Amino acid sequence: AQTVTQSQPEMSVQEAETVTLSCTYDTSESNYYLFWYKQPPSRQMILVIRQEAYKQQNATENRFSVNFQKAAKSFSLKISDSQLGDTAMYFCAYPRSGAGSYQLTFGKGTKLSVIP
Amino acid sequence: DTGVSQNPRHKITKRGQNVTFRCDPISEHNRLYWYRQTLGQGPEFLTYFQNEAQLEKSRLLSDRFSAERPKGSFSTLEIQRTEQGDSAMYLCASSLTPTIYFGEGSWLTVV
């Protein structure tokens, strides 16, 4: 069974600084996707960034980038120039494909607090 | 793109009552998912539809839970004879590709 592990339950970062959130996963597949989602307090789950495993280049979306290490099954999220609006729960997710589904398995999440 | 829409956003019900949640996915998305999320946890998969066919159900989906997606458009999730343990946020999501988009969720409190 696929598992997703986020080993940092809580983190904090000073505004404008950089923070890295860790994620490891387990899979026997060779081609797959990985996702980071952000969930602000009492608000919607929002896609932050997506990585396709067959691409060697790490995905980047503005201040968000990933460090994808396929052999190590590691998928960390780096947030540069942290802003107060980045305060949220961050979930790493892996989609299990089967029956045409892309059912996501989520990690337990990392609660990020950006401190002014 | 109107996004995934869910209603009601909040529901408080007495134990033993039935509740129904509705989800309107992004219009061109053929895949629709229901997840459950409790405080401080990541979402857990409940069930999946491709068009109108319910193709997967989690073991979390007890006999008191039923989901439908008539005509492959909106979906409903009904919980019968609610229990306090059903208190959670019920998330709907939809996709056309491997990227899944979530609604704002429906909070259920069973008292």
Side-chain angles (χ1 to χ4, degrees), chain A residues 1-10 21 23-25 27 29 31-55 59 61 75 88-113, chain B residues 1-7 9-10 23 25-26 29-61 67 69 72 75 88-107 109:
Chain A
Q2 288 89 359
T3 58
V4 178
T5 303
Q6 293 180 249
S7 58
Q8 305 149 314
E10 291 192 43
L21 310 183
C23 173
T24 59
Y25 59 94
T27 183
E29 298 180 351
N31 292 319
Y32 49 89
Y33 297 83
L34 290 161
F35 301 92
W36 278 98
Y37 283 87
K38 166 186 176 181
Q39 190 175 39
S42 300
R43 294 187 63 186
Q44 190 173 3
M45 186 85 73
I46 300 166
L47 177 68
V48 174
I49 199 164
R50 175 178 110 165
Q51 175 76 42
E52 295 164 68
Y54 68 87
K55 291 187 176 179
E61 288 287 342
F75 180 59
M89 284 289 290
Y90 286 82
F91 293 98
C92 178
Y94 171 91
R96 178 181 69 83
S97 57
S101 163
Y102 296 109
Q103 173 201 141
L104 290 172
T105 298
F106 286 85
K108 291 185 180 296
T110 296
K111 183 179 181 181
L112 178 67
S113 299
Chain B
D1 179 1
T2 58
V4 179
S5 175
Q6 292 187 245
N7 65 79
R9 294 291 317 284
H10 300 273
C23 171
I26 295 171
H29 287 184
N30 60 344
R31 296 176 176 87
L32 186 146
Y33 310 81
W34 284 97
Y35 286 81
R36 182 170 67 187
Q37 186 179 23
T38 53
L39 281 174
Q41 300 295 316
E44 296 173 296
F45 170 76
L46 291 178
T47 190
Y48 156 68
F49 290 85
Q50 185 164 328
N51 300 311
E52 67 277 8
Q54 187 175 18
L55 297 183
E56 280 193 72
K57 289 198 293 186
S58 163
R59 285 174 292 179
L60 292 175
L61 212 66
R69 193 184 181 195
S75 176
M89 181 163 67
Y90 291 85
L91 289 165
C92 179
S94 70
S95 75
L96 186 61
T97 68
T99 301
I100 294 177
Y101 297 90
F102 285 84
E104 294 185 333
S106 292
W107 283 98
T109 302

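Quick caveat: nothing in here was measured; it's all calculated off a predicted structure. Numbers restart at 1 for each chain; the letters A, B, ... are given by sequence-line order, proteins then strands.
Only the side chain of B/Q37 comes within contact range of chain A, with heavy atoms under 4.5 Å apart. Neither the backbone nor the side chain of A/Y32 comes within less than 4.5 Å of any heavy atom in chain B. Contacts of B/F49 with chain A are absent, with no heavy-atom separation under 4.5 Å from either backbone or side chain.
A pairwise comparison of heavy atoms in B/P98 and A/Y33 identifies CG-CE1, 3.3 Å as the closest pair. For the residue pair A/Q44 and B/F102, the shortest heavy atom distance occurs at NE2-O, 2.6 Å. Contact detail for A/F91 and B/Q41: the closest heavy-atom pair is CZ-O, 3.7 Å. Nearest heavy atom pair, residue A/M45 against residue B/P43, reads CE-CG, 3.3 Å.
Residue-environment remark: CZ (A/R43) stays at or below the threshold of 12 foreign heavy atoms within 6.0 Å.
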Intermediate values then yes/no, side chain to side chain contact (heavy atoms under 4.5 Å, CB included), B/F45 and A/Q103:
CA-CA 7 Å; B/F45 170 76; A/Q103 173 201 141; 3.4 Å; yes

Using side chain to side chain contact (heavy atoms under 4.5 Å, CB included), reason through A/F35 and B/I100 one step at a time and then give a plain yes or no.
CA-CA 9 Å; A/F35 301 92; B/I100 294 177; over 6 Å; no

Distance-only donor-acceptor hits, side chain of residues 47-54 of chain A, under 3.5 Å, sequence neighbours excluded:
from	atom 1	to	atom 2	distance (Å)
A/R50	NH1	B/T99	OG1	2.5
A/R50	NH2	A/E52	OE2	3.4
A/Q51	OE1	A/A59	N	2.8
A/Q51	NE2	A/K55	O	3.2
A/Q51	NE2	A/Q57	O	3.1
A/E52	OE1	A/Y54	OH	2.8
A/E52	OE2	A/K55	NZ	3.4

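Rounding to the nearest 0.5 angstrom, the gap separating the CG atom in A/L104 from the OH atom in B/Y33 is 7.0 Å.
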